[in-house]
Amino acid sequence: MSFIPESEIKYSDYSILDPYGRVFFWQDRVYRGLSQTAHAELHKLRETGLLTELEERSLFPKTTLTPLSSQYFDVIIEHEKISPASFVYEWPFDMIKAAGNCILDVNIIAAEYGYHTIDAHPYNVLFKGCNPVFIDLGSLKPMDNPNEWHPVEEFWGYFKYPLELWNNVSHKMARRIYSEDLSSITPAEYHKLLQLSKSKYEVKARSLIERIKNKLRLREAKAKTLTEKLDLYKKELAELTRNKVATQWGNYHDDYITDNDIACTNRFKFVIDKINELKIDTITELAGNWGLLSFLILENTGVKHVNCTDYDENAVNKMYNYFKGSEHAERLSPALLDFIKPIELYNSGRPSARFHSQAVLALAVTHHLILTYKYDVNVIFKKIAEYSSEYVFIEFMPLGLWDGYAAPPIPDFYTQDWFTAAFEKHFSIVDISHIEANRVLYIGTKK
């Protein structure tokens with residue numbers, strides 16, 4: 001048996017009140033130290049076949065017993081590592097739905113073995129690329145009532161109510177609920193929250209939630225078993241289809257698609273050739289819209305994984321739906337992220353650490369940040385550098401906000417010499433290439 005020194009262990013910030021012990025990281029792998037009680041419960045889960053079935057259906061990470069021990073744990077198991085970790089406030093509408101559906105699928109299977117989950121919040125789900133996986137081993141417990149799922153109100157608080165509000169009241173309000181981690185609240189508490197907003201929203205939301213509750217009561221009364229109720233909840237979730245809200249960049253890159261074929265322009269080919277030349281393994285694309293370039297990278301390079309992020313919800317939702325059923329579903333991780341002003345909730349870790357990669361791409365974005373939003377270029381470079389362990393690919397747009405035909409005047413300071421001088425403060429230049437009329441690609445390494 002190998003002993004892990006306590007000084008080498010990093011405990012998960014989310015594994016604090018876990019009756020199953022503690023989740024921790026060691027040598028870039030994920031482990032869980034078990035209490036004696038938890039070890040006995042794990043044995044029962046294996047013996048029943050429940051854990052094995054969840055693993056085989058890719059609803060739970062592969063889990064194995066190890067010969068390891070530590071100062072506080074005589075029994076340690078290893079979980080398949082799912083990385084990067086993204087959280088509900090970084091998911092678009094359809095990813096949130098998928099996470100809720102994953103929780104229900106786990107409970108439908110668990111019910112066949114006399115088990116259920118004791119909670120139903122989205123922080124028990126991680127996405128392996130575009131595929132949701134339930135990760136909370138300690139949540140699986142024997143049922144005390146075979147006809148009831150106790151956390152159903154929590155489930156509606158995190159999934160049904162916010163997504164209904166998203167569609168029928170205000171998508172910005174729904175996003176605010178997730179970003180402030182206020183989702184696990186009762187309908188009455190929703191009403192109090194909505195009083196902080198415009199009165200028309202409050203009235204509309206009160207009426208909406210009351211209709212939802214009444215409909216659920218009527219439908220649930222017809223369900224006799226827990227499985228029937230869980231199937232009902234799945235139907236309720238499936239009925240939620242996202243109402244489209246126009247966004248500035250939601251249709252960006254659509255011109256590159258013809259009859260479902262994606263055009264690889266000379267600009268994209270240049271980037272891909274450079275990625276192959278540098279033998280890059282992992283990439284984070286910032287402001288990647290719906291992932292067109294990320295798709296081409298996965299198709300034409302040896303890159304193992306891409307994190308594709310954007311702050312436009314329409315674009316990220318489109319990305320998720322495009323990739324989720326594709327051959328690259330586990331190799332691309334979508335995230336709703338403003339990399340300049342990211343949401344950083346307690347215990348979730350900085351996005352730049354979670355979405356860290358060997359190379360970072362920030363194409364066709366710096367001119368918007370500099371000329372429209374007036375960000376200091378050094379702040380922009382510093383933020384981009386946080387996501388990279390080695391390389392950066394950053395475009396400079398010498399004509400500014402040019403649309404191919406015309407552009408507003410650019411400030412006197414906005415020159416390529418100015419951009420180069422700022423770039424060299426943060427990175428060592430590998431290559432500078434003028435690849436289109438308004439695109440100069442800078443490739444650098446972190447200093």
Subject >> Criterion side-chain contact (heavy atoms from CB on, under 4.5 Å) on S139 and F134, from CA distance to verdict >> reply: CA-CA 10 Å; S139 182; F134 188 82; 3.9 Å; yes
**OP:** Test side-chain hydrogen bond (donor to acceptor under 3.5 Å, both in side chains) on T48 and Y115 and set out the steps.
**Re:** CA-CA 10 Å; T48 62; Y115 280 77; 5.3 Å; no
Original post:
Would E55 and R46 satisfy salt bridge (Lys or Arg N to Asp or Glu O under 4.0 Å), going step by step from the backbone distance to the final call?
Top reply: CA-CA 11 Å; E55 290 172 346; R46 278 287 183 215; 2.9 Å; yes
Original post:
Does the pair L45 and L137 meet the rule for a side-chain contact (heavy atoms from CB on, under 4.5 Å), with working shown?
Top reply: CA-CA 10 Å; L45 281 171; L137 186 64; 3.9 Å; yes
**OP:** Go through the steps for E313 and K318 under the test salt bridge (Lys or Arg N to Asp or Glu O under 4.0 Å), then give the verdict.
**Re:** CA-CA 8 Å; E313 199 271 337; K318 183 185 298 185; over 6 Å; no
**OP:** Report the C-alpha separation of W156 and Y233 in whole Å, then their side-chain angles, then the decisive distance to 0.1 Å, and conclude whether the ring-ring contact (aromatic ring centres under 6.0 Å, His included) test is met.
**Re:** CA-CA 9 Å; W156 295 133; Y233 303 154; 5.3 Å; yes
**OP:** For the pair E386 and K446, evaluate salt bridge (Lys or Arg N to Asp or Glu O under 4.0 Å) and give the outcome as yes or no after the intermediate values.
**Re:** CA-CA 10 Å; E386 289 177 357; K446 289 183 66 173; over 6 Å; no
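Residues R350 and E344 are paired through a salt bridge, judged by an N-O separation under 4.0 Å between the basic side chain and the carboxylate. Note on D231 versus K235: no salt bridge recorded, every NZ/NE/NH1/NH2 to OD/OE distance being 4.0 Å or above. A salt bridge does not link R267 with E436: none of the charged nitrogens is closer than 4.0 Å to a carboxylate oxygen. A salt bridge between K447 and E424 is absent, with no side-chain N of the basic residue lying under 4.0 Å from a carboxylate O of the acidic one.
Side-chain contact annotation: K324 with N321, donor-acceptor N/O pair under 3.5 Å present. In the model, S69 has no side-chain atom that pairs as donor or acceptor with a side-chain atom of D74 under 3.5 Å. Judged by distance alone, the side chains of Y89 and S348 do bring a donor and an acceptor atom under 3.5 Å apart. In the model, S433 has a side-chain atom that pairs as donor or acceptor with a side-chain atom of D431 under 3.5 Å. Of the N and O atoms on the side chains of N124 and D119, at least one donor lies less than 3.5 Å from an acceptor on the other residue. For the 3.5 Å distance criterion, the side chains of S294 and E285 qualify, holding a donor opposite an acceptor. For the residue pair N378 / D376, a side-chain donor-acceptor distance below 3.5 Å is found, with atom types taken as modelled.
Annotation: side-chain hydrogen bond (donor to acceptor under 3.5 Å, both in side chains) contacts of R29 (sequence neighbours excluded): E78.
F419 pairs with exactly one of F427, F413, F396, Y414 by the ring-ring contact (aromatic ring centres under 6.0 Å, His included) rule, that one being F396.
The side-chain heavy atoms of I435 and E395, taken from C-beta on, include a pair separated by under 4.5 Å. Two residues are said to be in side-chain contact when any heavy atoms from C-beta on lie closer than 4.5 Å; Y442 and T420 meet this criterion. Side-chain contact check for L237 versus F159: some heavy-atom pair is nearer than 4.5 Å. A 4.5 Å side-chain heavy-atom check between I384 and L286 finds at least one atom pair inside the cut-off. Contact annotation: the side chain of V377 never approaches that of F423 to less than 4.5 Å [non-hydrogen atoms, C-beta and beyond]. The shortest distance between side-chain heavy atoms of L336 and W91 does not fall below 4.5 Å. Counting heavy atoms from C-beta outward, Y178 and P162 have side chains that approach closer than 4.5 Å. No side-chain heavy atom of L441 sits less than 4.5 Å from a side-chain heavy atom of I432.
For Y322 and F295, the ring centers are positioned less than 6.0 Å apart. In this structure, F25 has its ring center no closer than 6.0 Å to that of Y31.
The minimum heavy-atom distance between I135 and P61, with the atom names listed, is CG2-CG, 4.1 Å. For the residue pair L399 and A437, the shortest heavy atom distance occurs at CD1-O, 4.1 Å. The nearest pair of heavy atoms linking K374 to L371 is NZ-O, 2.9 Å.
Here I410 contributes atom CD1 and I370 contributes atom CD1; the two are 11.0 Å apart, rounded to the nearest 0.5 Å.
Taking a 6.0 Å sphere around NE2 of H43, one finds it holds 12 or fewer heavy atoms contributed by other residues, nucleotides or ligands. Other residues, nucleotides and ligands contribute only 12 or fewer heavy atoms inside 6.0 Å of the CG atom of D412.
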Result block: side-chain N/O donor-acceptor pairs under 3.5 angstrom for residues 325-335, not counting sequence neighbours:
unit_1	atom_1	unit_2	atom_2	d
S326	OG	F323	O	2.9
S326	OG	H328	N	3.1
H328	ND1	R331	NH1	3.2
H328	NE2	E299	OE2	2.7
R331	NE	K304	O	3.4
R331	NH2	V303	O	2.5
S333	OG	H305	NE2	2.8

Show every donor-acceptor pair shorter than 3.5 Å between a side-chain atom in residues 99-113 and any protein atom, with sequence neighbours excluded, or say none if there are none.
unit_1	atom_1	unit_2	atom_2	d
N101	OD1	K234	NZ	2.8
D105	OD1	K234	NZ	2.8
N107	OD1	T117	N	2.8
N107	OD1	T117	OG1	3.2
N107	OD1	W149	NE1	3.0
N107	ND2	I103	O	2.9
N107	ND2	T117	OG1	3.0
Y113	OH	E53	OE1	2.5

